[in-house]
Each structure stands twice: as structure tokens, then as C-alpha cells.
Participant: 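Let me begin by handing over the structure; questions about it come next.
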There are 2 protein chains.
Amino acid sequence: MPSPARPPRGPKPTRMDADQLLDAAQEVFGREGLRAASLRAIARQAGCDPALIYYHFDSKEAMFTALLAKRFPPLVEDLRRLADPADERHTALRLWDVLGLYHRHLGGDPGLRGLIRGEIVRGAEGIQELIQSRVIGAATQVRALLEQGIARGEVRKDLHTLLSTFFLLKLQLEILDVLPVIAPRILGLPPEQAVAEGERAWLQLFWRGIAADPTAPLPPLPAIHD
Amino acid sequence: MPSPARPPRGPKPTRMDADQLLDAAQEVFGREGLRAASLRAIARQAGCDPALIYYHFDSKEAMFTALLAKRFPPLVEDLRRLADPADERHTALRLWDVLGLYHRHLGGDPGLRGLIRGEIVRGAEGIQELIQSRVIGAATQVRALLEQGIARGEVRKDLHTLLSTFFLLKLQLEILDVLPVIAPRILGLPPEQAVAEGERAWLQLFWRGIAADPTAPLPPLPAIHD
DNA sequence: GCTCCAATTCAACGAATGTTGAATCATGCT
DNA sequence: AGCATGATTCAACATTCGTTGAATTGGAGC
């Protein structure tokens, strides 16, 4: 008799490398958070068996750290370029580019930001330190940019650059994360437009708050292209 | 022979009402998040059996909504008092009081903020809408306060009051939530002091960003007492 | 064509979870 | 004193989770 059509056991025609698994993991981690995301859900997203994950990674935690190691360096590298002291443009424009960078790297749907959200505060022991060091590495570049602004006389001298960096980046993450969800309800806008408007309003407020001369007009901000 | 000392089955000498269970739930929800918090952990925190929770509540979700229903109205009521149009004080001072209110209601350890964090974006269907409506109720009061500031000529006329309210409150939540955790590492400060300094710096930046005359000095801000 | 290896799946384990039904006790009312 | 009722616990259920070991197979190299 014909055997009850079992799917084949061995390797599929389309191989699956670690990167594809990481993409699926990012999707699910971003949706559910590290703890709530199940390996079975990740496997379903990737279209494979949960056990395959253990062929490529040691554990769920190892998968998470591998994801960080894959996604953070490009962001930090781009930030480093933006913080190049040779860049003579207006500081406000450079900060606008920082927001755009975060938008492109973390704004995607659903993106890394859902992944670093929450874990930084509530994450397990090792994870927490890991993420913090990554985030701090990124923030350092932005802080340097602010200090260049002070040296150029465009930013007020008495600014607390560390806290201001925290403000700028944290709120940009909130804009990317929360605004698309609540925009239809409180703004009556489609998600993308709400994010664009929020980013503009935020940089305008922030710049006025830190500028050496807050009455000087802000240079025109180009659209954030992603 | 003596029966192997079993703890008694029936009611304990100290009765446990729903409120005590909610306090324990808030502690654990704040620490772990809605999904990761287990009823067994809540019961351990309260010092009772998990099954007792089902005597007082229908389910874990019902417990969560009961917690919201208990903790949000007092916050909104206090905000409503702050937004009283008869309050003639400087708008910056009133906004400072708003931050103080959030500090007192949500800053405690661990407090409600850990509870609304994350669920607003990633929460399950019903939960998400529930929290959003509660949060919007609170934000409406703050927005009214900003609009009074415009009417009094203290706040710039072209301000987007809805987005600005979002900025003010969301960043205050981040200050309460994240700063205590990362302060020892990046600021070299004890948590409480980092929060106090962060709140001051944030209101100064925010006010400068929204003031009709950003060069006018900010009135002195009293300490936030909790 | 044979062999070997890398990639994949299956089936199961132990632990933890939300939830329930029955059992037990303390207390207040009559 | 007796009884009903409300408060509490116990033990178990089905489900899901992370993880593992063995089994299976496609393809590369010879």
C-alpha cells in the first residue's frame, strides 16, 4: 500500500543558512519580545523544523546575541561616518541624518527596535549587559556630534550632552515604535505619515531646545528617504 | 502515628482580599511583563496558592484589567486638577508638576509604568485597546494644559500640542524606566539622582523647545518630592 | 556508483504554564 | 451546638516551551 504521504526527511532542495534563520528570528523577536518568542514560531516563520535551529545555534540566547552581532555593527559604522569631524554641515542637519539613520536601520517592519525594546531594562542578566554595551557604542557617536556642535558655536555650551543624546535617540525609538500603532486613533493619519510628521516635529523641538541661538531659523530638512 | 505535618487546607488567619493580590500582581507584572509573568510567581509574591487568584478573578487577563482600573483613575484625577484653567501659575511650572505626578504615580519601584510599557504596542488584541484608551485619557489633560499655555502667550502658537504631549510624557516614562538601570554605567550616578537630573534636563530642553520666548529664563523648579 | 558529510526532520523528554474541580477549614449566624 | 458560606489549598489536566538524540536523505568528491 502507498505510504501515507510523509514529507521527506533529509535536506530540502533549498538550503537554509544561519542568516535566513536570523531574519525569521528578528521578525518574531520583534513581534513578541525575546522571552515570549518561541523557537517553534521562529521555525514556522522560516519554514523549517525547530530542531534545525539547534544545528546552527547553541540556544535561543545564542541566536539573540548572533542577531545583535549581525545588526548593530552596520548601524554603528554609519553613525561613525556621520560623526566625522570633517563634516562641515549645520549640526541640525547632521542630527536630522542621525534620525534618518535610525529610521532606516530600526524603522523597518518590524525591525531591530522591537528587539532591543524592553530587554534593555527587563532582560535577563547576560542579555541586559550585552544590549547596553551595544546601545552605548551607538550613542557615543551621537554624543561626539553634539560636542562638535558646541565647539562650532551652534549648540549651547551648558548642554548636558550625554542626557541630550539619550533624549534624542530614545524618543526617536518611541516615535518609530509607538506612533505607527496609535497614529490612526489619535492623529487620524496613516502610520508612515505619522512617523514622518513626528520625526520633523521632534527634531524641531529638540533643536530649539539645544541651539545656541534658539531664535535662528532651522535650515530646511529634506525628506527622510528609506 | 503522627500525620506528616501538612499545612492546613482551609483559610489562613490573615485573609487576603483582591487588593492584596493586585499589589502582588503589579509587582510581578512590572518586573516581567504581562505575558512572562506567571500566576505562580504572583501567588508566591502574595504568599498564597495560585488557585486563589481564580477565586477573586476570572483569569490572568481579568487581573490585568482590574489592575488598570484600580491605578489609572487616581492619576487622571490628579492630572485633571493640574489642568484646571483657574491655575494661573507659569506654564513651565505646571508642566513640571505633570512630570512630578508621573514620577509619583508611576515612578515607584516598580510601579505601573513597567506594566503599560510594551503592552501598548505589542499587547494582545483586547489589552492593547484597553491600555490605549486609558493612556489617551491621561494625555488629554496634559494637552489641554499646553493649549492654555498658548492662549496665555507663554507657548508658541504653531506648536503641535498632540505630538508635544506625546513627547513630554513618553520621554518622562523612559526617564523613569531606563535611566535608573543605565545610570550607574553611563552617568556614574545613583539611580534616584540620575532620574532627578534627567527630569530637570528634560523639562529645560522641552520648555526651551516650546516656549514663545525661548530666551526668557525658566522659573526655578522646586524639587520633585515623592 | 560508492562513500561520506552536512543539513534536515522526527519523536520524545522534563519543566513550566493557565486553568479547573474537589476537598478542606475558619468563621459568623441562628 | 449546628450549619451554611466564604476563603483557601491540593492535585491534576492539557498545552506549550526549550532542548536533545537518533534517524534520514540530498549532494559533493572520488
Side-chain angles (χ1 to χ4, degrees), chain A residues 3-25 27-29 31-67 119 122-127, chain B residues 3-25 27-29 31-67 119 122-127:
Chain A
S3 63
R6 265 219 272 178
R9 262 276 184 118
K12 278 194 189 161
T14 73
R15 297 299 192 87
M16 177 116 31
D17 55 358
D19 256 27
Q20 289 176 264
L21 287 180
L22 281 186
D23 288 345
E27 176 92 17
V28 180
F29 280 146
R31 237 185 357 240
E32 318 265 349
L34 172 56
R35 200 147 170 184
S38 79
L39 291 179
R40 285 170 169 86
I42 295 174
R44 205 178 316 126
Q45 172 82 26
C48 72
D49 191 272
L52 181 59
I53 294 175
Y54 284 87
Y55 180 77
H56 290 282
F57 304 95
D58 284 343
S59 67
K60 184 176 168 182
E61 262 200 19
M63 192 174 209
F64 187 77
T65 67
L67 187 47
E119 309 303 333
R122 241 174 305 294
E125 300 301 302
I127 300 289
Chain B
S3 66
R6 264 218 271 176
R9 263 269 186 124
K12 278 193 188 161
T14 71
R15 297 299 192 84
M16 177 116 32
D17 55 358
D19 256 28
Q20 288 176 265
L21 287 181
L22 282 186
D23 288 345
E27 177 92 18
V28 180
F29 280 146
R31 233 181 4 238
E32 319 264 351
L34 171 57
R35 200 148 172 182
S38 79
L39 292 179
R40 285 171 170 85
I42 295 174
R44 205 178 317 123
Q45 173 82 28
C48 71
D49 191 272
L52 181 59
I53 294 175
Y54 284 86
Y55 180 75
H56 289 283
F57 303 96
D58 285 342
S59 68
K60 184 176 167 182
E61 261 200 21
M63 192 175 208
F64 187 77
T65 66
L67 187 47
E119 310 303 336
R122 240 173 305 295
E125 300 302 303
I127 300 291

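Order of the sequence lines fixes the chain letters, A, B, ..., with proteins taken first and strands second; residue numbering starts at 1 for each chain. Excluded from the calculations below are hydrogen atoms, water molecules and symmetry mates; all remaining heavy atoms, backbone and side chain alike, are included. What you see is a predicted model; the values in this text were computed from it and never measured.
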Participant: Just to verify, what does A/D19 make a side chain to side chain donor-acceptor pair (under 3.5 Å) with, not counting sequence neighbours?
Facilitator: none
Participant: Contacts to DNA chain D from residues 51-59 of chain A, heavy-atom cutoff under 4.0 Å, which residues?
Facilitator: A/A51, A/Y54, A/S59
Participant: Figure out the CG/P separation between B/D17 and D/dG6, and round it to whole Å.
Facilitator: 16 Å
Participant: For the pair A/H56 (side chain) and A/M16 (backbone), establish whether a donor and an acceptor sit closer than 3.5 Å, ignoring hydrogens and angles.
Facilitator: yes
Participant: Which pair of non-hydrogen atoms, one from B/V28 and one from B/I42, has the smallest distance, and what is that distance?
Facilitator: CB-CG1, 3.8 Å
Participant: Between C1' on C/dA16 and CD1 on B/I42, what's the gap in Å once rounded to a whole number?
Facilitator: 15 Å
Participant: Any donor-acceptor pair under 3.5 Å linking the side chain of A/K60 with the backbone of A/L34?
Facilitator: yes
Participant: Determine all donor-acceptor pairs shorter than 3.5 Å in which one atom belongs to a side chain in residues 45-55 of chain A; sequence neighbours excluded.
Facilitator:
{"from": "A/D49", "atom 1": "OD1", "to": "A/A51", "atom 2": "N", "distance (Å)": "2.8"}

Participant: Please report the shortest heavy-atom distance between A/A62 and A/F57, naming the atom on each side.
Facilitator: O-CD2, 4.5 Å
Participant: How long is the straight-line distance from CG of B/L21 back to CG of B/L67, given to the nearest 0.5 Å?
Facilitator: 11.5 Å
Participant: Mind checking salt bridge (charged side-chain N to carboxylate O under 4.0 Å, His left out) for A/D23 and listing every partner two or more places apart, or none if nothing turns up?
Facilitator: A/K70
Participant: What is the distance from CG of B/L34 to P of C/dT17, rounded to the nearest Å?
Facilitator: 14 Å
Participant: Distances under 3.5 Å only, N/O to N/O: pair up the protein atoms with those of nucleotides 12-17 of chain D.
Facilitator:
{"from": "D/dC17", "atom 1": "OP1", "to": "A/S38", "atom 2": "OG", "distance (Å)": "3.4"}

